[in-house]
Amino acid sequence: EAGVAQSPRYKIIEKRQSVAFWCNPISGHATLYWYQQILGQGPKLLIQFQNNGVVDDSQLPKDRFSAERLKGVDSTLKIQPAKLEDSAVYLCASSATDGSSYEQYFGPGTRLTVT
Amino acid sequence: AQRVTQPEKLLSVFKGAPVELKCNYSYSGSPELFWYVQYSRQRLQLLLRHISRESIKGFTADLNKGETSFHLKKPFAQEEDSAMYYCALRPGNTGKLIFGQGTTLQVKP
């Protein structure tokens, strides 16, 4: 099966600019996650979608970050305006929620550098 | 507080030596724990989960609730085991994962 797709793979922007990342999960996977991974740290969940509804966005900095998953498939994560501390790898993951498996499949990530 | 701690940033061993990657967790409920691995230039992927009690690529991990630990072990390290390893906790019936900081395993020839 095709894996989780993300684009772009790399992005360099100046602080106060805006940026958007795109994720296409594995076909049929109802749950989609966005993680932020700062250099030297493990991934941290930003937001979790179940189909097109938000399950958990408790760690999403809502003053500058937004995410949507229209039609319950693809998702976009936006940062506006970006700060230097937003430099990180943004990982998208998906999982099938059939009650027996929560294995998350990760995309390649988008590396964001804010200068 | 829900937290995963991996005390070692880097673990360097020689090929054929035993490996133990440490993981401790903090969680008040019944935890579900995982080990994820990221090989060079590859995606983060699941290595094993505690409920499966399986051995993958020679690795095993036992959940010790008394010590709140989930250490990853392999009796004889191989060069292809060199990678970044993350321990992760899934709290309750949510899907989200709480990751540790990761440990880089370097297996020298």
Side-chain angles (χ1 to χ4, degrees), chain A residues 1-7 9-10 23-26 29-51 53-60 67 69 88-111, chain B residues 1-10 21-27 29-54 56 61 70 72 83-105:
Chain A
E1 62 186 1
V4 176
Q6 289 186 248
S7 68
R9 294 294 310 279
Y10 305 92
C23 172
N24 181 241
I26 292 173
H29 279 191
T31 309
L32 185 147
Y33 312 81
W34 282 103
Y35 289 88
Q36 179 192 56
Q37 185 172 21
I38 293 172
L39 186 65
Q41 299 180 19
K44 182 185 81 171
L45 180 73
L46 291 176
I47 189 166
Q48 176 184 345
F49 290 96
Q50 175 81 17
N51 296 308
V54 175
V55 174
D56 185 344
D57 63 357
S58 58
Q59 297 194 88
L60 186 74
R69 191 183 184 198
V89 175
Y90 291 84
L91 295 168
C92 179
S94 69
S95 69
T97 50
D98 60 1
S100 64
S101 171
Y102 280 94
E103 179 173 351
Q104 294 186 21
Y105 296 83
F106 285 82
T110 296
R111 183 176 298 277
Chain B
Q2 301 166 353
R3 186 167 55 245
V4 176
T5 303
Q6 295 178 250
E8 302 140 328
K9 279 198 166 182
L10 172 67
L21 298 168
K22 296 189 188 303
C23 171
N24 290 92
Y25 66 91
S26 174
Y27 180 59
S30 185
E32 187 169 357
L33 287 148
F34 305 80
W35 278 97
Y36 275 77
V37 61
Q38 187 166 25
Y39 301 102
S40 179
R41 302 182 184 279
Q42 294 188 27
R43 305 174 182 208
L44 194 59
Q45 59 186 282
L46 178 66
L47 179 63
L48 56 80
R49 71 184 76 189
H50 90 272
I51 59 173
S52 301
R53 303 186 64 82
E54 57 198 346
I56 303 293
F70 187 57
L72 183 67
M84 175 70 87
Y85 291 80
Y86 293 96
C87 182
L89 165 73
R90 185 173 75 82
N93 289 319
T94 68
K96 75 175 184 182
L97 293 171
I98 298 170
F99 286 88
Q101 306 94 309
T103 298
T104 300
L105 174 63

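Note that this is a predicted model, so its numbers are computed, not measured. Here is the naming used below: chain letters follow the sequence lines, and residue numbers restart at 1 for every chain.
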task: Could you look at B:Arg41 and say if it's the side chain, the backbone, both or neither that has a heavy atom under 4.5 Å from chain A?
output: neither
message: Donor-acceptor check, side chain of B:Ser26 to backbone of B:Arg3, threshold 3.5 angstrom: yes or no?
response: no
field: Structural part of A:Gln50 lying under 4.5 Å from a heavy atom of chain B
entry: neither
- prompt: Is a donor on one side and an acceptor on the other found under 3.5 Å between the side chain of A:Gln36 and the backbone of A:Lys44?
  reply: no
query: If you tally heavy-atom pairs under 4.5 Å against chain B, which of A:Pro108, A:Gly42, A:Gly107, A:Pro43 wins?
result: A:Pro43
query: So what's closer than 4.5 Å to chain A heavy atoms on B:Phe34: side chain, backbone, both or neither?
result: neither
query: Is the backbone N or O of B:Gln6 less than 3.5 Å from a side-chain atom of B:Gln101, with the two atoms forming a donor-acceptor pair by type?
result: yes
A:Val55, part contacting chain B, at a heavy-atom distance under 4.5 Å: neither
task: Identify the residue among A:Tyr35, A:Tyr90, A:Tyr33 that makes a ring-ring contact (aromatic ring centres under 6.0 Å, His included) with A:Phe106.
output: A:Tyr35
query: Considering only heavy atoms, which portion of A:Gln41 lies under 4.5 Å from any heavy atom of chain B: side chain, backbone, both, or neither?
result: backbone
message: Does any backbone or side-chain atom of B:Ile98 lie under 4.5 Å from a heavy atom of chain A? Answer side chain, backbone, both or neither.
response: neither
- prompt: Looking at B:Leu47 and B:Tyr85, what are the two nearest heavy atoms and their distance?
  reply: CD2-CE2, 4.0 Å
N/O donor-acceptor pair under 3.5 Å between B:Arg43 side chain and A:Val4 backbone: yes
